[in-house]
Number of protein chains: 2
Amino acid sequence: MDINNEQSMEQTILEVAERLFLEKGFAMTSTTEIAKEVGCNQALIHYYYRTKDNLFNVIFEQKFKTFFQGIFELQNLGEIPFLDKLKYIIESHYDLLTKNPKIPSLILNELSRQPEQLNTLKDKLHTLPEQLFAELNRELQSEIENGRVRNIALVDLLISMLSLNLALFIMMPVVENLLSLNETQKGILITHRKTENVEFILKSLRP
Amino acid sequence: MDINNEQSMEQTILEVAERLFLEKGFAMTSTTEIAKEVGCNQALIHYYYRTKDNLFNVIFEQKFKTFFQGIFELQNLGEIPFLDKLKYIIESHYDLLTKNPKIPSLILNELSRQPEQLNTLKDKLHTLPEQLFAELNRELQSEIENGRVRNIALVDLLISMLSLNLALFIMMPVVENLLSLNETQKGILITHRKTENVEFILKSLRP
DNA sequence: TATTTATTTAATAGACTTATTAATACAACG
DNA sequence: CGTTGTATTAATAAGTCTATTAAATAAATA
């Protein structure tokens, strides 16, 4: 496990902990186990991170940010047509999920463990999506008025987009097992559902 | 907690355990805590159910069955048009989720804890969906050929349906918190998304 | 080199967990 | 009434988990 010649212990612990927390969640991962995988003494975990909670929150906060900032940083889209923009947003979001397939489950599981955490995190996300929403809404209304998109509320559209993208990744551990998918097949499914989701949404928006 | 004058202890334990497992998951619920909520001695849990694992699996299996049988028992639909049938399936599924909003999270969380469990459960679900799928596929193909539905694979349609229905309930704990929804508002959202999902899907299927 | 500082370990306290066992209360029944 | 079987409890073994402390080692610095 530890051919981490050059890497600092502190960093190695963080990485191992991240992997284990993502795999098995907070409750099912012990500092003892992290230490064993790192190949160090268990006290060292506490030396660097004081408490298990703290270690977890360091990781969690980082993942949370990665994730939500990834969703909202949709600048430099400029003046492309609305539906193209939508396609781009769906695909970016899907790509983000593909790169971080286990973050959603982590967030959903652990936020119900410590719901207060949400308020702390809400503040730290000053990347206010309001602006983005407002602009998208303006464009959507314009498309509807011009008869290029059927009548639909932005919030409903966004929930549907989010649902279609997110669900596959949340269900993946079960799907994988149930259908006995190997890595290749899993990859094919993921790639396929990306285009499928875009098509499904755009087709639904036709006037 | 226990004005369970007439109910047997064995049953009370099961019900309290069910509630706690659904609320907080397997790892975060101790037999000590279950006993405390039931108002009995902790040894009694083990007297009736031997191990915590066993108690959990009794509950889990039952929920798993409730859930998947609920999905697949779509008899007596008879000769109604394909799109009506689809609407009915989506709505039934959504109603099932509304009645059991926490089961999906339970299944997703705990199946990754003990993946072997899936094989056991797979066998017990002899309600083979193959027949249903075959029939649905026949009807879908017919609709496509007759130009009443755009070209789409059944499996993709089903995944999209499942995703749209499931995602809201899985995200609900976070959504609820993030938007500070009270029970009423939550109910409104859930009701609204039911019709929205049906519309979103049917609109997408237009040729 | 000597001394301070940072890293790492061994040992362990203290809390909690699951599970078992033996003892007790309670019921039914002959 | 006394006996038998079930339901329930108290006590506790054995293990794990987090966190702390003091000692040992390694690194840095003067």
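Below, chain A is the first sequence line, B the second, and so on; all start at residue 1. Given the structure is predicted, the values throughout are model-derived calculations rather than measurements.
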### Message
Can you tell whether the side chains of A:K87 and A:E199 come within less than 4.0 Å, N to carboxylate O?
### Response
no
### Message
If you only use heavy atoms from C-beta on, which nucleotide in C:dT17, D:dT9, D:dA19 is closest to the side chain of A:H46?
### Response
D:dA19
## Note on the structure
In short, A:C40 meets A:M9 closest at the heavy-atom pair CB-CE, 3.9 Å
#### Entry: Whole angstrom value for the distance that separates P of C:dT17 from CD of B:Q42
9 Å
### Query
Once you round it to whole Å, what is the distance between C1' of D:dA19 and CZ of A:F56?
19 Å
## Note on the structure
Between OH of B:Y48 and C1' of D:dT9 the distance, given in whole Å, is 13 Å
#### Entry: Whether A:F64 and A:F60 hold their rings parallel, tilted or perpendicular, with breakpoints at 30° and 60°
tilted
### Message
OP1 or OP2 of C:dT8 versus the side-chain N and O atoms of A:Y47: is any pair under 4.0 Å?
### Response
no
### Query
Contact class for A:T32 vs. all strands (heavy atom < 4.0 Å): base, sugar-phosphate, or nothing?
base
### Task
Would you mind reading off the distance between B:I45 atom CD1 and C:dT17 atom P, rounded to a whole angstrom?
13 Å
### Query
Is any NZ, NE, NH1 or NH2 atom of the basic residue among A:R113 and A:E110 found under 4.0 Å from an Asp or Glu carboxylate oxygen of the other?
yes
### Message
With a 4.0 Å cut-off on N to O distance, would you call B:E91 and B:K194 a salt bridge?
### Response
no
### Task
Let me know the distance between CD1 of A:I13 and C1' of C:dT8, rounded to the nearest Å.
10 Å
### Query
Whole-Å distance between D:dT16 C1' and A:M28 CE?
13 Å
### Message
I need the OH-P distance between B:Y49 and D:dA7, as an integer number of Å.
### Response
12 Å
### Query
Which of the following nucleotides, D:dT18, C:dT18, D:dT9, is nearest to the side chain of B:L44?
D:dT9
### Message
In this structure, how many angstroms lie between the C1' atom of D:dT18 and the CG atom of A:N41, rounded?
### Response
13 Å
### Query
Out of C:dA19, C:dA10, D:dA19, which nucleotide sits closest to the side chain of A:K52?
D:dA19
#### Entry: Listed nucleotide nearest any side-chain atom of A:T51, set D:dA19, C:dT18, D:dT8
D:dA19
